[in-house]
Amino acid sequence: MIDIHSEKIKKSIEEKGYLDLPLDPTLDLFLEIEKLKKEKNAVILAHYYQEPDIQDVADYIGDSLGLAQNAATTNADIIVFAGVHFMAETAKILNPLKKVLLPDLNAGCSLSDSAPPLLFKVFKDKYPNHKVITYINCSAGMKALSDIICTSSNAQKIVESLPLSQPIIFAPDKNLGAYINKQTGRNMLLWNGSCMVHEIFSLEKIIKLKIRHPKAKFIAHPECEEAVLAVADYIGSTTGLLKFSHTDTSQEFIVATEAGILHQMQKANPTKTFIPAPPNNSCACNDCPYMKLNTLEKLYLCLKYETPEITMEEGLRLAAKKPIDQMLDISTRYNL
Ligand code: 13P
Ligand code: SF4
């Protein structure tokens, strides 16, 4: 339990957004985290984009839908969310009585930042007949302005759950929205947001890579731009990409999503080759700078001292919960 009188702890959270205390370098953090989890009845939920060490100590690793479903049903008293802020916020919305911790409060999301609720409300008010379907990568304030939440795993089914005659606003990811428009033949109004990681891929370099690896399948996340998706052999959420790379008989895959997913792909398929799709700059990696703010050290300290914690005003929580519940209901109905 955190010592609330500890000025050092308060100062670190206020100034840095995470705990920055000296750690004994001889500590086996994997072992210590296991001990703390049992002692505190805590669960670690991690997104596939987390660093490999964090994925290896997690109780559950998944995509945004799997994580939300898991957060909705866990019996743990403490949820340590190894992911970004909107994911931990979703866990808190679903579990008001549980302690939800995020190792680094600065772990935001460029896509979530591209949709400030106040601006979105002005836009939405211009279209009173439209239903709002919002990608889970957004703030609680955005969720509270939405009718249904979706993730990349269930977006198509969620959109199709509304009658064809129903006009829809889709926010905040314009790339996912355009992809779903194409898949469903709808003409949803799209908010102009995007993810900095999925927009960085170079079509030219991908095409060159495909020529050098003619047997490789090119697989991509629907947050990528339309031109990149147009040359993909398979398009899917992180879980979809992982499943496809496992079941498909190809031995080589070029992967256009955040590089953290390669850890599970390689673990599940040790004989297959996974090549990260090249970005359009000289940097060698497609790491999400927000996801990668979490480290094993921060995770250990956050579980030990039970901070930083996600808190939320109850009115906002209830308003944001409604569209998430809608999504979870539809996902259960379709067995997603
Ligand atoms: P999924 O987890 O739905 O694949 O989304 C990827 C993502 O960008 C999460 O931040
Ligand atoms: Fe946000 Fe993109 Fe990072 Fe996912 S990968 S957390 S969408 S910035």
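Since the model is a prediction, treat every value here as computed from it, not as a measurement. In each ligand, atom 1 is the first atom listed, and ligand 1 is the first ligand listed.
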Touching ligand 2 at all, Glu223? Heavy atoms, strictly under 4.0 Å?
-> yes
Which is it for Cys288 and ligand 2 at heavy atoms under 4.0 Å: side chain, backbone, both or neither?
-> side chain
Is there a nitrogen or oxygen of Thr238 sitting under 3.5 Å from a nitrogen or oxygen of ligand 1?
-> yes
Residue Cys195, metal atom 1 (Fe) of ligand 2, N/O/S under 2.8 Å = no
What part of Met87, side chain from CB on, backbone N/CA/C/O, both or neither, has a heavy atom under 4.0 Å from ligand 1?
-> side chain
Between Tyr135 and Ser64, does a side chain to side chain donor-acceptor pair (under 3.5 Å) hold up when you go through it step by step?
-> CA-CA 10 Å; Tyr135 193 32; Ser64 305; 5.5 Å; no
Got an N/O contact under 3.5 Å between Thr151 and ligand 1?
-> no
Give a yes/no verdict on whether any heavy atom in Tyr135 is under 4.0 Å from an atom of ligand 1.
-> yes
Could you tell me whether ligand 1 has any atom less than 4.0 Å away from a heavy atom of Tyr49?
-> yes
Consider every N or O of His47 and every N or O of ligand 1, then say whether any pair is closer than 3.5 Å.
-> yes
Take Arg333 and Asp329 through the salt bridge (Lys or Arg N to Asp or Glu O under 4.0 Å) test and state the conclusion after the steps.
-> CA-CA 6 Å; Arg333 214 183 307 147; Asp329 286 351; over 6 Å; no
Are any non-hydrogen side-chain atoms of Asn137 and Asp173 less than 4.5 angstrom apart?
-> no
Is NZ or CZ of Lys210 both nearer than 6.0 Å to the six-membered ring centre of Phe218 and within 45° of the ring axis?
-> no
Among protein heavy atoms, which lies nearest atom 1 (Fe) of ligand 2, and at what distance?
-> Cys109 SG, 2.4 Å
For ligand 1, which atoms have a heavy atom of Glu223 less than 4.0 angstrom away?
-> 5 (O), 6 (C), 7 (C), 8 (O)
Measure the distance from atom 7 (S) of ligand 2 to every protein heavy atom, then report the residue, atom name and distance (to 0.1 Å) of the closest one.
-> Asn137 ND2, 3.2 Å
Which option out of Ser153, Ser152, Ser237 puts a heavy atom nearest to atom 1 (P) of ligand 1?
-> Ser152
So for Asn137 against ligand 1, with non-hydrogen atoms under 4.0 Å, the contacting part is side chain
Go through Glu34 and Lys37 one step at a time and tell me if the salt bridge (Lys or Arg N to Asp or Glu O under 4.0 Å) criterion holds.
-> CA-CA 5 Å; Glu34 283 309 322; Lys37 277 200 297 195; 3.2 Å; yes
Answer yes when Lys208 and Glu204 have at least one side-chain N-carboxylate O distance shorter than 4.0 Å, and no when they do not.
-> yes
Would you call Ile275 and Phe253 a side-chain contact if the rule is heavy atoms closer than 4.5 Å?
-> no
May I have the step-by-step check of side chain to side chain contact (heavy atoms under 4.5 Å, CB included) for Ile13 and Tyr18, ending in yes or no?
-> CA-CA 5 Å; Ile13 302 297; Tyr18 59 89; 5.5 Å; no
Between Trp191 and Phe120, what is the ring plane arrangement, given parallel below 30°, perpendicular above 60°, and tilted in between?
-> perpendicular
Which residue and heavy atom of the protein sit nearest atom 8 (S) of ligand 2, plus the separation | Ser110 OG, 3.4 Å
Check ligand 1 against Ser64 and write out every atom of the ligand that is under 4.0 Å from a heavy-atom position of the residue.
-> 1 (P), 2 (O), 3 (O), 5 (O), 9 (C)
Please tell me if the side chains of Glu258 and Lys292 come closer than 4.5 Å, counting only heavy atoms from C-beta onward.
-> yes
